[in-house]
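Note on naming: letters A, B, ... go to the chains in the order of the sequence lines (proteins, then strands), and numbering restarts at 1 for each one.
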Number of protein chains: 2
Amino acid sequence: MNDVAARAGVSLKTVSRVVNGEPGVLPATAERVSRAIADLGFRRNDSARQLRTGRAAGIGLILEDVSDPFYSVLTRAVEQVVRDNDCLLLTGSCDDDPDREQELAMALCERRVDGLVMVPAATDHSYLAHEIRAGVPVVFVDRPPINLAADVVLADNVGGARDGVRHLINNGHRRIAYLGDDLAIFTARERLTGYRSALAGAGIPQDESLVVMGRAEPVAVRAALDRLLSQPNAATALFCGNNRLTTVVLRELAGRVDRPALVGFDDFELADLISPGLTVVAQDPAGLGRVAATLLFDRLAGLSDAPRRVVLPTVLIPRGSGEAPPPATF
Amino acid sequence: MNDVAARAGVSLKTVSRVVNGEPGVLPATAERVSRAIADLGFRRNDSARQLRTGRAAGIGLILEDVSDPFYSVLTRAVEQVVRDNDCLLLTGSCDDDPDREQELAMALCERRVDGLVMVPAATDHSYLAHEIRAGVPVVFVDRPPINLAADVVLADNVGGARDGVRHLINNGHRRIAYLGDDLAIFTARERLTGYRSALAGAGIPQDESLVVMGRAEPVAVRAALDRLLSQPNAATALFCGNNRLTTVVLRELAGRVDRPALVGFDDFELADLISPGLTVVAQDPAGLGRVAATLLFDRLAGLSDAPRRVVLPTVLIPRGSGEAPPPATF
DNA sequence: CTGAAAGCGCTTACAG
DNA sequence: CTGAAAGCGCTTACAG
């Protein structure tokens, strides 16, 4: 900026005015400055600006894995809001590793981002209390924070799972298995609650042998399916707690003749093209991202209520796999 | 840092030493400083550090759209390399808008990122020459830069398309249509070249009525398919130039009885589960991201050859849709 | 309409 | 092993 000032024959402050489009510079002066900027290929140094203003014009996004379609769509939505607010987005995947989450969050705070949107992995977020007090708003998405009062935007996991399971019940099923993620994960617990609630609502007794929680690994899923579908009182329908599990289940089911009815939580790109079409409880990942980011910027603009909890509805999309009736009993 | 120094009864410099893990601090002193840091909840301000050191410890990634699976997988790979180098990632989608690309690139440069990885959208990248000269390396991915000498990492578009079309030829097809993206897009041109090369190699005459270039819009695709599949000398096989087109085509084909053989460029999550399985020419989006980011850090570490052009191989994955023979002629 | 001075919070280069 | 001074490139607050 000094060089530009020298070349244009003005002071530093005048260059600053031109660069920032502040009023009160004679057109002729501004013109000279602009030319000097172009000649020198000057580009304002944002770190200096940040240091002085205290504003990074950047927000951080932490999630499990950008390459997962659910999160990549969410990321895109956050990106859009961030852009509308003339900010830049800093991102990081933490692979559900609590330490990595904290590492990322701290790195972003050291960088003095204006705020944070995060899909939490950790089991204790009290480490963020100090940052929030220091004026860095944090909005959680998809899962709530633990030991911390902060904004959170969630999908209606209980209601969505209940709808999905109820749909199977309405199609005549009473032996419905639930395959879900590890219970350590908030959404897995919520969806299991929805499953139980649907059964209870229909007066169907809970059978713990029909509930399988764990990672989406082909071998484990195959073993579970073998058991569920061949045990004396076999399951006639499956409800899958998330898209990764649904994928593995679909693949394992591909070879089998008597396929159970199936409803999955989370929608897929090609879900309508497989045969039968996959019936799903669709979440709104873009909505989650958009609402969370918008709330963050509202906080940044001064909104200071108590932490909010926003729940977004899910939608049941029947495509065939969830409408198959149970086999006739003999 | 001043507060920490005061509380620990040491100088600023000593605090800096502790924070940065520099040697030459008595354990007892370091201990006092650490306690002061913890008590005050001190977090180093990276903008100040950046200003002084000139290093952002951050790199920028610009691409078309993170929510596209191809790019989200690429993003994840870049992220991984960035993390291994103790950097943070700044991202932005430009929706194939040249102005937006430049806007993002400039914003990232003002922020003094250490380097840039980009899937270009613009038709002129000379605006980056100054930045590169100023020491900010830029690596292009998926498409080469225009009017600029810079590193680029590409998929083997020509070879991949040639393999895909040749595969159809080997299965007996001679009337093979090519549906590709707009010719303004580099990869679309390359893949068309591969298509032509495969035909030429088999001595099959080029028929321009079988080549359709355009956006992946259902209405346009349907019209093209109606024409291609019903014209006197109808196409018996289709080669789709990218995943978005393939999706639309699959959807349009879903209702039809006489389905042509089909090979798509780009792999899909559920490509093996649709029926028939989708035969694809798979790119390696993670490889593209990894190689590009690694090259960027090599540049940052001082590598100073001439700009490189790295081409990554593609793989043909037969799954059924590309192996169907043409209908018997009468 | 324009500018001189101070300072944001660190690190660098040097001295002791 | 520890510290005092200068400076990175801007903006803020003020003066003229």
Short question: side chain of A:Ser72, backbone of B:Ser72 - any donor-acceptor pair under 3.5 Å?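 The answer is no, because no donor-acceptor pair under 3.5 Å joins these two groups.
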Counting Watson-Crick and G-U wobble pairs with both distances under 3.5 Å, what is the dot-bracket string for DNA chain D, 5' to 3', using [ ] for crossing pairs and | for pairs to another strand? |||.||||||||.|||
I would like to know whether B:Arg100 and B:Glu64 meet salt bridge (Lys or Arg N to Asp or Glu O under 4.0 Å); could you show each step before the answer? CA-CA 10 Å; B:Arg100 177 65 185 150; B:Glu64 194 188 334; over 6 Å; no
Looking at residues at least two apart in the chain, or sitting in another chain, which of them share a side chain to side chain donor-acceptor pair (under 3.5 Å) with [X]?
X        : answer
B:Asn2   : none
A:Arg52  : none
A:Asp284 : none
B:Arg7   : B:Asp39

Select from B:Pro27 and A:Arg49 the residue whose nearest nucleotide in DNA chain D is closer to the 5' end of that strand.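 Nearest nucleotide further toward 5': that of B:Pro27.
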Which pairs, with at least one residue in residues 81-94 of chain B and sequence neighbours excluded, count as a salt bridge (Lys or Arg N to Asp or Glu O under 4.0 Å)?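 Residue pairs passing salt bridge (Lys or Arg N to Asp or Glu O under 4.0 Å), neighbours aside: none found.
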Using salt bridge (charged side-chain N to carboxylate O under 4.0 Å, His left out) as the criterion, list what pairs up with B:Arg76, not counting sequence neighbours.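 So B:Arg76 forms a salt bridge (charged side-chain N to carboxylate O under 4.0 Å, His left out) with A:Asp65, A:Asp95, B:Glu79.
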State which residues pass salt bridge (charged side-chain N to carboxylate O under 4.0 Å, His left out) with B:Arg309; sequence neighbours excluded, sorted by chain then number.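 Checked B:Arg309 against salt bridge (charged side-chain N to carboxylate O under 4.0 Å, His left out); zero matches.
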Using the ring pair (Phe, Tyr, Trp, His ring centres under 6.0 Å) criterion, which residues pair with A:Tyr71? Sequence neighbours excluded.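 Counting only residues at least two positions away or on another chain, A:Tyr71 forms no ring pair (Phe, Tyr, Trp, His ring centres under 6.0 Å).
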Check DNA chain C against residues 12-22 of chain A and give the residues with a non-hydrogen atom under 4.0 Å, in numerical order.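 Output list: A:Lys13, A:Thr14, A:Arg17.
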Does A:Leu51 reach a base, just sugar-phosphate, or nothing at all? Heavy atoms under 4.0 Å.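 It contacts base atoms.
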Regarding A:Thr29, tell me which of base, sugar-phosphate or nothing describes its non-hydrogen contacts under 4.0 Å with the strands shown.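 Here A:Thr29 touches the backbone only, sparing every base.
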5' to 3' contact window, DNA chain C with chain A (heavy-atom distance under 4.0 Å):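 Reading along DNA chain C, I get C:dC1 to C:dG9.
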List in numerical order all residues of residues 32-41 of chain B for which some heavy atom is under 4.0 Å away from an atom belonging to DNA chain D.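 Hits under 4.0 Å, by residue number: none.
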For the residue pair [Y] / [X], report whether a side-chain donor-acceptor contact shorter than 3.5 Å exists.
X        : Y        : answer
A:Asp124 : A:Asn147 : yes
B:Asn157 : B:Arg143 : no
B:Glu110 : A:Asn45  : no

